[in-house]
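This report concerns only the one structure given below.
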2 protein chains.
Amino acid sequence: MYMSSGRLTSLDRTPLYRIVKQQITDALREGRWKHGQKIPSEPQLARRYDASVGTVRKAVGELVAENILVREQGRGTFVRTHGRDYMLNVFFRIVGSDGGHELPVVTLLSMRRARADRVTAGELRLKSRAPVFDIETLLTLDGEPAILDRMRVPTQLFPDLDESGFKRREGTVYGFFQDRYGITIVRADEFITAVSADDRTARLLKLTPGEPLLRIARTSYTYKDVPVDSRVRLVSCARHGYLSTLGKA
Amino acid sequence: MYMSSGRLTSLDRTPLYRIVKQQITDALREGRWKHGQKIPSEPQLARRYDASVGTVRKAVGELVAENILVREQGRGTFVRTHGRDYMLNVFFRIVGSDGGHELPVVTLLSMRRARADRVTAGELRLKSRAPVFDIETLLTLDGEPAILDRMRVPTQLFPDLDESGFKRREGTVYGFFQDRYGITIVRADEFITAVSADDRTARLLKLTPGEPLLRIARTSYTYKDVPVDSRVRLVSCARHGYLSTLGKA
DNA sequence: TTCGATTTGTTCGTATGTATT
DNA sequence: TAATACATACGAACAAATCGA
C-alpha cells in the first residue's frame, strides 16, 4: 500500500527512497559507518527503514552513482575509500601530454598556523580571520617538479594536526584526512586560469620567470556540501596538462 | 520467468536491460528517433523488445543518467536536444571570475576546406590528409573578445556545409550540427594547458603578446564514441576561467 | 471546468541468477 | 554444500502530471 503507511502526508511529498538516501548519508556524515566498512545488507536496511528492498536499492543506487558507496555482488555494499586508484581517477586530473596518468611525489615545503583571508574564509564558510592551517607542498611528476600547491584547511576540523604526522602519512592527503580524521572528500570544484610564473614559483618549478602556468583554485567538500579545504595549485605545462570530460559520466 | 524466455544462454550473459539500452542507442545513432522527438512509451517499448516495463525503465534510466534521454512525467520520454541552457551548463565551462555564466557571441573569422594534419586525423580517427573543414571563430563575452576557436570537422560528416549556412545559423554550433545534420554531441574530452599569446592571438584578443592564455584542446563525440569535431581554443583569462567539478555528477 | 486516458514516478512483492564466504 | 548478498526480471497497484474531449 502506498498512502496507508502514513509516512507521506500532503505536506511531505518527499519520496521514501530519498528519505532512505538521506538517512544513509546522515549516518555517513556522523561517522556511524566508516569508510571501507560494510554497511548492512539490503534486506536489513529495508527492515531498519521500514521500506521494501527495491526502495532501498534505489536509494543505494543513487549513492553509488555519486561515488559514495560501492556495491560488490556476493559481498555487500561498502563505504567508498579513497584509495590511490580512486584518487588518481577522480580527484587528480593532471596527466602527461602523452596521456600518462601517474601519481605525484609530494614534498612538504612549509606548514604553519595562520588566519583565513577573506577569500579563503568565504570558500571554507568560516568567519574572516578564522584559524586555519596553511600548508605548502611541491609535487613532482616523472622526477621533475611540476606542481606548487598551497592548501588551507580549518584548524577546527583537524585539531591536532602537526607537521610530523602530516609528513609521516602514507598515501594521498585526502586518504590521510579519511584515515586519521574520518573526513571523506566527495566533491571538489576547480576554477582554472592561466598565469605567469613569478620568480619564486619559477625557481621551485625550475622554469624561467614569466612562463605560463595553470592556476587551479580548488574547494573540496565532504558529505552535505561541507567545505574541507581550499587550495591553489600552480602547474607547469611543460610536459603535463589538465584533463576534463564533459557530457556523460 | 527468467531463463525460460530463452534469450540468455551460457555464452551470452548480457543482461536484458543492456540489450534494450543498446537497441535504443542504435535507433538513435541511425536517426530513427530524432532529437526533441518523443520516443515510444514504456509499455510500448516493453512490448517491442519483449521485456517488462521495469526492465525498460532500467535501460531508459541509464540513458537519462548519460544525458541522452529526458523523462517528463505525464508527457513521455524525449531525445535530448542541445538547447542553449543545456549547452551552457554541460559543454561551455568558461565562466566569469565573478561566477557569471553567459553565452558567448560568435564571429566567423575564416572557413575553408583543408586536409587533416596528423594530430587532427588521429583525434577524428581519419586517414592522414583526409578532407576537413577548418573553421576559425572569435567569441566575445561581455562585449570583449575572449576566446579564439579553431575547429576541424570531417567534410564527410557535413557534405554541403558552407559559409553562408554556417553564419546564418541560430544558436550554438552543436545545436546547428543537430538541427541541420542530425548529429548530436553527447560527450567531449578537453586537455587544458597554459600558453603564451602569440602576436596574432594577442591582436585578436586585444592583449599584449606573451600574456598567459588557457589552451583547450577538445575532441567531441556523438553516440557510440564516434568523434565529430576537434578544436583548439585559446582563452583570455583577464576576466574568465574554466570551471570543472570533480566527484559526483 | 471537469473528466478520463495516457505517461512517467514511486512502492511493494516474488522469483531466480550469480558471486562470495 | 549451504547461507548470504547483490543483480536481474517480472508483475501489480497507486500517485502525479499532462493533455484533449
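Chain letters run A, B, ... following the sequence lines, proteins first and then strands; every chain starts at 1. These values consider heavy atoms only, across backbone and side chains, with no hydrogens, waters or symmetry-generated copies.
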What's the closest nucleotide to the side chain of [X] if the choices are [options]?
{"X": "A:Leu16", "options": "D:dC10, C:dC12, D:dA15", "value": "C:dC12"}
{"X": "B:Ser52", "options": "C:dT10, D:dA17, D:dC10", "value": "D:dC10"}
{"X": "A:Pro15", "options": "C:dT10, C:dT18, C:dT8", "value": "C:dT10"}
{"X": "A:Ser41", "options": "D:dC6, C:dT10, C:dC12", "value": "D:dC6"}
{"X": "A:Arg75", "options": "C:dT10, D:dA5, C:dT20", "value": "C:dT20"}
{"X": "B:Arg57", "options": "C:dG9, D:dC10, C:dT18", "value": "C:dG9"}

Spell out yes or no: do the side chain of B:Glu42 and the base of C:dT7 have one donor N/O and one acceptor N/O closer than 3.5 Å?
no
With a 3.5 Å cut-off and heavy atoms only, can you find an N or O donor on one side and an acceptor on the other between the side chain of B:Gln73 and the base of D:dA16?
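When only heavy-atom distances are counted, B:Gln73 does reach the base of D:dA16 through a donor-acceptor pair under 3.5 Å.
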Could you give the [atom1]-to-[atom2] distance, from [X] to [N], as a whole number of Å?
{"X": "A:Tyr17", "N": "C:dT11", "atom1": "OH", "atom2": "P", "value": "7 Å"}
{"X": "A:Arg18", "N": "C:dG9", "atom1": "CZ", "atom2": "C1'", "value": "11 Å"}
{"X": "B:Leu45", "N": "D:dA9", "atom1": "CG", "atom2": "C1'", "value": "17 Å"}
{"X": "B:Arg13", "N": "D:dT8", "atom1": "CZ", "atom2": "C1'", "value": "14 Å"}
{"X": "B:Tyr49", "N": "D:dA9", "atom1": "OH", "atom2": "C1'", "value": "18 Å"}
{"X": "A:Phe78", "N": "D:dC6", "atom1": "CZ", "atom2": "P", "value": "8 Å"}
{"X": "B:Gln44", "N": "C:dT8", "atom1": "CD", "atom2": "C1'", "value": "13 Å"}
{"X": "A:Asp50", "N": "C:dC12", "atom1": "CG", "atom2": "P", "value": "8 Å"}

Taking the inter-plane angle between the rings of A:Tyr174 and A:His82 on a 0 to 90° scale, is it parallel (under 30°), tilted (30 to 60°) or perpendicular (over 60°)?
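Ring orientation of A:Tyr174 relative to A:His82: tilted.
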Take the angle between the ring planes of B:Phe177 and B:Phe158 and call it parallel below 30°, perpendicular above 60°, tilted in between.
tilted
Between the side chains of A:Thr245 and B:Asp189, is a donor N or O closer than 3.5 angstrom to an acceptor N or O?
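Yes, side-chain donor-acceptor contact under 3.5 Å.
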4.5 Å side-chain heavy-atom contact, B:Leu214 and A:Tyr242
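No, side chains not in contact.
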Assign A:Gly54 to base, sugar-phosphate, or nothing according to its heavy-atom contacts below 4.0 angstrom with the strands shown.
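No contact.
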Of B:Lys58 and B:Val53, the one whose closest DNA chain D nucleotide lies more 5'
B:Lys58
Distance check: side-chain N/O of B:Thr55 vs OP1/OP2 of D:dT8, anything under 4.0 Å?
no
Output yes when at least one side-chain N/O atom of B:Thr77 is less than 4.0 Å from OP1 or OP2 of C:dT7, else no.
no
Are A:Asp179 and A:Arg169 close enough for a salt bridge, meaning some N to O gap below 4.0 Å?
no
